[in-house]
2 protein chains.
Amino acid sequence: MSIIFSRKCEYGIQAVLLLTTEQQGGIHTAEEIANRLKIPKEFVSKILQELTVNGIIFSKKGKSGGFALAKNPNELKLLDIVLAIDGPDIFNRCVLGFPNCSDKAPCPLHYKWSQMINQTFNMLGDETMDKFKQLTINKIESIQ
Amino acid sequence: MSIIFSRKCEYGIQAVLLLTTEQQGGIHTAEEIANRLKIPKEFVSKILQELTVNGIIFSKKGKSGGFALAKNPNELKLLDIVLAIDGPDIFNRCVLGFPNCSDKAPCPLHYKWSQMINQTFNMLGDETMDKFKQLTINKIESIQ
DNA sequence: ACATAATCAGATTTTTTTATCTGATTAAAA
DNA sequence: TTTTAATCAGATAAAAAAATCTGATTATGT
């Protein structure tokens, strides 16, 4: 199957979106996140840890602990989440897998693709956060 | 690692591009294709078979056999190749993995993403074939 | 007709990704 | 201070994708 993001990355983005729908400081446990998104708890725990290490979210240990957004959602870009989870490969690697693809020796998709990548992966910055939140809330509800 | 296309799909696209750089009817063996693209021969053989079944390329069996483009390159779209190898999943599946994502209940990336998909996956139709061929030749040479 | 060189088909192995398990550590609440 | 409920860390298992192997079939060229 062709995929765009790894499963890990999909779950990570979903989790961040869920946290985004809450007030700043609204804290959720890994189990709660897993249940609402219907994804494996242990797996999402690992991903939440990576997001924590990379400063996208923060974690509170111990009883009544959990996870919450570290940044103001307005400053958050999709780029940051993907970088935190899967690293820079998706941006460095040629979309068709040609090893020497570059601006100077571009593959047939090179220009359109990097244009698209820039547009898409910076999107959480220029969308208004209200609209974004609303869409996300709809989505979370539609899962349940 | 986040990827865009499966490895299988990448190899398939690369192989078709290689065939595109030849005159219509120019035939190449799986081994030749594997060597020029520096990808595993047995794996690309399988992929070439799938492309054959789906009518993207045709195969000639026996001695002096091999593979060649089945269509006029002008009629060929990236979409066709991806569909032949990985099926329609990439177009049906939500980019963020939300199970109920649709036009009516869109995920935050839904609209931008489908816009991008349409632009990108139909591209081999509206690019002029000469330019496309030139880019591909550059690319193949830069690998070696 | 025979040898050769290719595709084709299916099974198997290896590697990577996804998912699970176990236990340690942390901190709040009783 | 003890119990409880959470993150954290590392090992392991299961599933999927990528790669390899073996042999059969096909058709060309000698």
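For clarity, every value in this text was computed on a predicted model and none was experimentally measured. Numbers restart at 1 for each chain; the letters A, B, ... are given by sequence-line order, proteins then strands.
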remark   = Out of C:dT20, D:dA6, D:dC8, minimum distance to the side chain of A:Thr52 belongs to D:dC8
inquiry  = The criterion is salt bridge (charged side-chain N to carboxylate O under 4.0 Å, His left out); which residues satisfy it with B:Glu50, sequence neighbours excluded?
reply    = B:Lys8
note = In whole angstroms, the gap separating C1' of C:dA6 from CD of B:Glu42 amounts to 14 Å
key: Distance, rounded to the nearest Å, where B:Leu48 contributes CG and C:dA9 contributes C1'   = 15 Å
inquiry  = Using the side-chain hydrogen bond (donor to acceptor under 3.5 Å, both in side chains) criterion, which residues pair with A:Glu32? Sequence neighbours excluded.
reply    = A:His28
remark   = A:Gln49 CD to C:dT26 C1', in whole Å, measures 13 Å
query = Quick check: does any side chain N or O of A:Tyr11 sit under 3.5 Å from a backbone N or O of A:Ser6, one acting as donor and the other as acceptor?
reply = no
request  = Give the rounded distance in Å between these two atoms: CD1 of A:Ile33 and P of D:dA6.
outcome  = 12 Å
ask   = When the distance from NZ of B:Lys8 to P of D:dT20 is rounded to whole Å, what number comes out?
value = 15 Å
request  = Report yes if a side-chain nitrogen or oxygen of A:Tyr11 is closer than 4.0 Å to either non-bridging phosphate oxygen (OP1 or OP2) of C:dA19; otherwise report no.
outcome  = yes
message = Whether the side chain of B:Gln14 engages the backbone of A:Leu96 through a donor-acceptor N/O pair (distance < 3.5 Å, no angle test) should be reported.
response = yes
Can you give me every donor-acceptor pair (side chain of residues 61-69 of chain A, partner residue at least two apart or in another chain, under 3.5 Å) with its distance?
none

ask   = With side chains defined as the heavy atoms from C-beta onward, is the minimum distance between A:Lys71 and A:Asp80 less than 4.5 Å?
value = yes
remark   = Nearest heavy-atom approach of B:Ile56 to B:Ala84 is CG1-CB, 4.0 Å
Detail all sub-3.5 Å separations between protein N/O atoms and N/O atoms belonging to nucleotides 10-12 of chain C.
from   : atom 1 : to      : atom 2 : distance (Å)
C:dG10 : N7     : B:Lys46 : NZ     : 3.3
C:dG10 : O6     : B:Lys46 : NZ     : 2.9

What nitrogen or oxygen pairs link the protein and nucleotides 28-30 of chain C at under 3.5 Å?
from   : atom 1 : to      : atom 2 : distance (Å)
C:dA28 : O4'    : A:Lys63 : O      : 3.4

inquiry  = Whole angstroms only, please: what is the NZ-P distance between B:Lys41 and C:dT7?
reply    = 8 Å
remark   = Side-chain atoms of B:Arg7 come closest, of D:dC8, D:dA19, C:dC8, to D:dA19
task = Would you kindly give the CZ-to-P distance between A:Phe43 and D:dA15, to the nearest whole Å?
result = 15 Å
ask   = Taking the side chain as C-beta and beyond, is there a heavy-atom pair between A:Ile81 and A:Phe5 under 4.5 Å?
value = no
Any residue meeting side-chain hydrogen bond (donor to acceptor under 3.5 Å, both in side chains) with B:Asn92, in chain and number order, not counting sequence neighbours = none
ask   = CD of B:Glu31 versus P of C:dA6: gap in Å, rounded?
value = 7 Å
ask   = Think A:Ser59 has a side-chain N or O under 4.0 angstrom from the OP1 or OP2 of D:dC8?
value = yes
request  = Report the nucleotide, chosen from C:dA6, D:dT7, C:dC21, that has the shortest atom-to-atom distance to any side-chain atom of A:Ala30.
outcome  = D:dT7
